[in-house]
Amino acid sequence: MRTQVGIIGAGPAGLLLSHLLHLRGIDSVVLERRSRDHVERRVRAGVLEQGTVETLVAAGVGDRLTREGLVHRGIELRYGGAGHRVAFERLVPGRAITVYGQQEVVKDLIAARLAAGGDVRFEVGDVAVNDAGTDRPHLTFGGERLDCDVIAGCDGFHGVSRASIPGDALTVYEREYPFAWLGVLARVEPSAEELIYAWTERGFALHSMRSPEISRFYLQVPAGEDIADWPDERIWAELRARLETVPGFTLATGEIVEKGVTPMRSFVAEPMRYGRLFLAGDAAHIVPPTGAKGLNLAVADVRVLTEALAHWYATGSADLLDAYSETCLKRVWRAQHFSWWMTTLLHTFETDDAYARRLQMSHLDYVTSSEAAAVTLAENYVGLPYERDLPDPAQTTPQAREVIE
Ligand code: FAD
Ligand code: DHB
């Protein structure tokens, strides 16, 4: 068997890459370890940057997203008995985020690939990357061989792609956090119109949503926490304790339909390429979810990879492919910093002493009172423009313009 681009992994990165390449007339085969049902049900991220939405719409997979996605023009930071709105419409005019579940994006992409005759294979268990350091790379699986021009490793953090690269060809930067997120999906109408990021002495809590009938919540819990220790009543009690901290706010409760614990980690492997193997999305980098950047970074990577491959096939020039890793890593490191910053701003650390706690309060007060600090949060949260180092001054406030100039 032969294809132009062999893609490992049918997550957002692999599926979108396959579809964007198809729109440029480039063939690919996607090999996924799990079943279609499994990847379509996997509950994960939910916040799409404006650029992610524009990318999906431009790729022709935005119909349901534009119909059902919830456009949000602000978030709330809640601490010290008060809520503080970060108002995107004022801080970053014209920019917003859309709340739409990652598994819905995955469903839309699979449907689009299959409708276009795309080759997406599920339950392919033993994919191996071969000869990536040569100009004849190939994938093997289940006794079959797939020859490719290039391989895209879109198989997430625990995939085979990055693991197949010789250790001395990669540099890894990593930070683990002493806590995890317990994620909950519940059949209950959201208790607020916008997302609430709440700091409390008991730990962080996040109120999010998926639709007018479905809410999504996260609780900071110790790393390695066993979900069996969190019966539904305990989850609701803890969410109430952390969210019902401002006058007049009552948390609506309902049936919990899904729950799980996700470890928190910052991780970057550089470069995002080894010969003919290109890493994209979680295969190359992980952020803690506080900044809602993981899925959005995966989309940004495959945009760059698509352009580079299209240029290579059209002109024979490898210039953009050679620049792929460096181009992506600029955005990756900005998101690394933002995600680490949001995480340290909003979580309680057991090691914190009274001094560290005071600094954290001062930091929260600054972000909620200074226009310049709020713009910094807002412009990173809604997503910086693609393929540029600095935001377009026309899209920012006078305060931000001063900083840029
Ligand atoms: P993935 O979505 O991980 O897709 C990789 C695909 O490759 C998977 O389908 C996997 O089954 C497949 N695969 C793996 N190994 C192989 C193999 N050997 N052969 C073939 N296929 C393989 N981000 C947020 O912003 N907010 C959140 O709340 C949030 N929650 C998360 C919860 C969990 C449990 C996880 C793991 C991630 C979460 N993230 C969250 C991060 C976000 O979901 C990821 O950044 C995003 O999924 C990245 O997409 P991807 O396509 O790169 O990787
Ligand atoms: C969601 C996830 C995030 O990581 C985040 O920062 C905000 C919302 C969500 O799943 O809805």
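Keep in mind it's a predicted model, so treat the numbers as computed, not measured. Residue numbers count from 1 along this sequence. Quick note: numbers below take in every heavy atom, side chains included, and nothing from hydrogens, waters or symmetry partners. Every number for a ligand or one of its atoms is a count from 1 in the order of the listing.
Atom CG of D301 is separated from atom OG1 of T306 by 10.5 Å, given to the nearest 0.5 angstrom. Considering OG of S266 and NE2 of H337, their distance stands at 11.0 Å, rounded to 0.5 Å. Taken to the nearest 0.5 Å, the CG atom of L31 stands 5.0 Å off from the CZ atom of F141.
Note: no N/O pair closer than 3.5 Å links V43 and ligand 1 by distance alone. For ligand 1, one of its N or O atoms has an N or O atom of A13 under 3.5 Å away. Between W181 and ligand 1, a contact under 3.5 Å exists for no N or O pair. Checked against a 3.5 angstrom limit, the closest N/O atoms of Y218 and ligand 2 fall inside it. At a 3.5 angstrom cut-off on N or O pairs, Y218 counts as close to ligand 1.
The nearest heavy-atom contact from the protein to atom 4 (O) of ligand 1 is G11 CA, 3.4 Å. From the protein, the heavy atom lying nearest to atom 14 (C) of ligand 1 is D155 O, 3.1 Å. For atom 7 (C) of ligand 2, the closest heavy atom belonging to the protein is Y197 OH, 3.2 Å. Protein heavy atom closest to atom 8 (C) of ligand 2, with residue, atom name and distance, is V47 CG2, 3.4 Å. Among protein heavy atoms, the minimum distance from atom 11 (O) of ligand 2 is reached at S208 OG, 2.6 Å. At the shortest separation from atom 21 (N) of ligand 1 among protein heavy atoms lies R33 N, 3.1 Å. Shortest contact from atom 24 (C) of ligand 1 to any protein heavy atom: A45 CB, 3.2 Å. Counting protein heavy atoms only, atom 3 (C) of ligand 2 is closest to P289 O, 3.7 Å.
Not a single heavy atom of M342 lies less than 4.0 angstrom from ligand 2. Put simply, no part of F141 is less than 4.0 Å from ligand 1, judged by heavy atoms.
Near K293, with a cut-off below 4.0 Å to any heavy atom, the atoms of ligand 1 are 25 (O). Residue-ligand proximity, I8 to ligand 1, at heavy-atom distances under 4.0 Å covers atoms 19 (N), 20 (C). Each of the atoms 3 (O), 5 (C), 53 (O) of ligand 1 lies under 4.0 Å from some heavy atom of G156. Atoms of ligand 1 found under 4.0 Å from any heavy atom of Q102 (numbered from 1 in listed order, with element): 2 (O), 42 (C), 43 (O), 46 (C), 47 (O). Heavy-atom contacts of P289 reach the following atoms of ligand 1: 26 (N), 27 (C) (cutoff under 4.0 Å). Those atoms of ligand 1 with a heavy atom of R34 less than 4.0 angstrom away are 11 (O). Atoms of ligand 2 lying under 4.0 Å from at least one heavy atom of T290, given by number and element, are 6 (O). Close approach of ligand 2 to L195 (heavy-atom distance below 4.0 Å) involves ligand atoms 7 (C), 8 (C). For ligand 1, the atoms lying closer than 4.0 Å to a non-hydrogen atom of G294 are 25 (O), 45 (O). The distance from ligand 1 to the heavy atoms of V39 drops below 4.0 Å at these ligand atoms: 9 (O).
Shown here is E193, whose CD atom has no more than 12 heavy atoms of other residues, nucleotides or ligands within 6.0 Å.
Residue nearest to atom 48 (C) of ligand 1, selected from N296, D282, V299: D282 (by heavy-atom distance). Ranked by closest heavy atom to atom 34 (C) of ligand 1, the top entry among V105, T262, V160 is T262. The residue among A280, G159, G46 with a heavy atom at the shortest distance from atom 15 (N) of ligand 1 is G159. By heavy-atom distance, the residue among H38, R216, R42 lying nearest atom 8 (C) of ligand 1 is R42.
A cation-pi contact links R162 to F157, judged by a cut-off of 6.0 Å to the six-membered ring centre and 45° from its axis. In this structure, R273 forms no cation-pi arrangement with Y324, as its terminal cationic atom is not both closer than 6.0 Å to the ring centre and no more than 45° off the ring axis. A cation-pi arrangement is present between R78 and F249 under the rule of less than 6.0 angstrom and at most 45 degrees off the ring axis.
Each of D155, V127, I151 was compared with S161 under the side-chain contact (heavy atoms from CB on, under 4.5 Å) criterion, and only D155 meets it. Checking each of F179, Y79, W199 against H347 for a ring-ring contact (aromatic ring centres under 6.0 Å, His included) leaves exactly one that passes, namely F179.
Using modelled atom types, one finds no donor on one side chain facing an acceptor on the other under 3.5 Å when comparing E238 with W230.
Proximity of L295 to ligand 1, defined as any heavy-atom pair under 4.0 Å, is confined to the backbone N, CA, C and O atoms. Counting heavy atoms closer than 4.0 Å to ligand 1, residue H158 contributes nothing at all. Under 4.0 angstrom from ligand 1, the non-hydrogen atoms of C154 all belong to its backbone. Counting heavy atoms under 4.0 Å from ligand 1, residue L31 touches it through the backbone alone. Residue R44 touches ligand 2 through its backbone alone, judged by heavy-atom distances below 4.0 Å. With a 4.0 Å heavy-atom cut-off, ligand 2 is reached by no atom of F217. Under 4.0 Å from ligand 2, not a single heavy atom of V99 appears.
For F204 and Y218, the ring centers sit 6.0 Å or farther from each other. Under the 6.0 Å cut-off for aromatic ring centres, F267 and H285 do not qualify, their centroids lying 6.0 Å or more apart. The six-membered or imidazole ring of F88 lies away from that of H72, with a centre-to-centre distance of 6.0 Å or more.
Between T55 and V302, the closest side-chain pair of non-hydrogen atoms is not below 4.5 Å. Proximity of V268 to L329: side-chain heavy atoms (C-beta onward) are separated by under 4.5 Å at one or more points. Side-chain atoms of V30 and R113, non-hydrogen and from C-beta on, never get closer than 4.5 Å to each other. At least one side-chain heavy atom of P12 sits less than 4.5 Å from a side-chain heavy atom of Q102. For the pair D147 and R136, the minimum side-chain heavy-atom distance is 4.5 Å or more.
Of the protein's heavy atoms, none falls inside 4.0 Å of atom 39 (N) of ligand 1.
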**OP:** Using the ring-ring contact (aromatic ring centres under 6.0 Å, His included) rule, take F217 and W236 through it: C-alpha gap first, then chi angles, then the decisive distance, then the call.
**Re:** CA-CA 10 Å; F217 300 99; W236 286 121; 5.6 Å; yes

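Note on ring orientation: taking the six-membered ring where Trp is involved, the planes of Y197 and Y381 are perpendicular (angle over 60°, cut-offs 30° and 60°).
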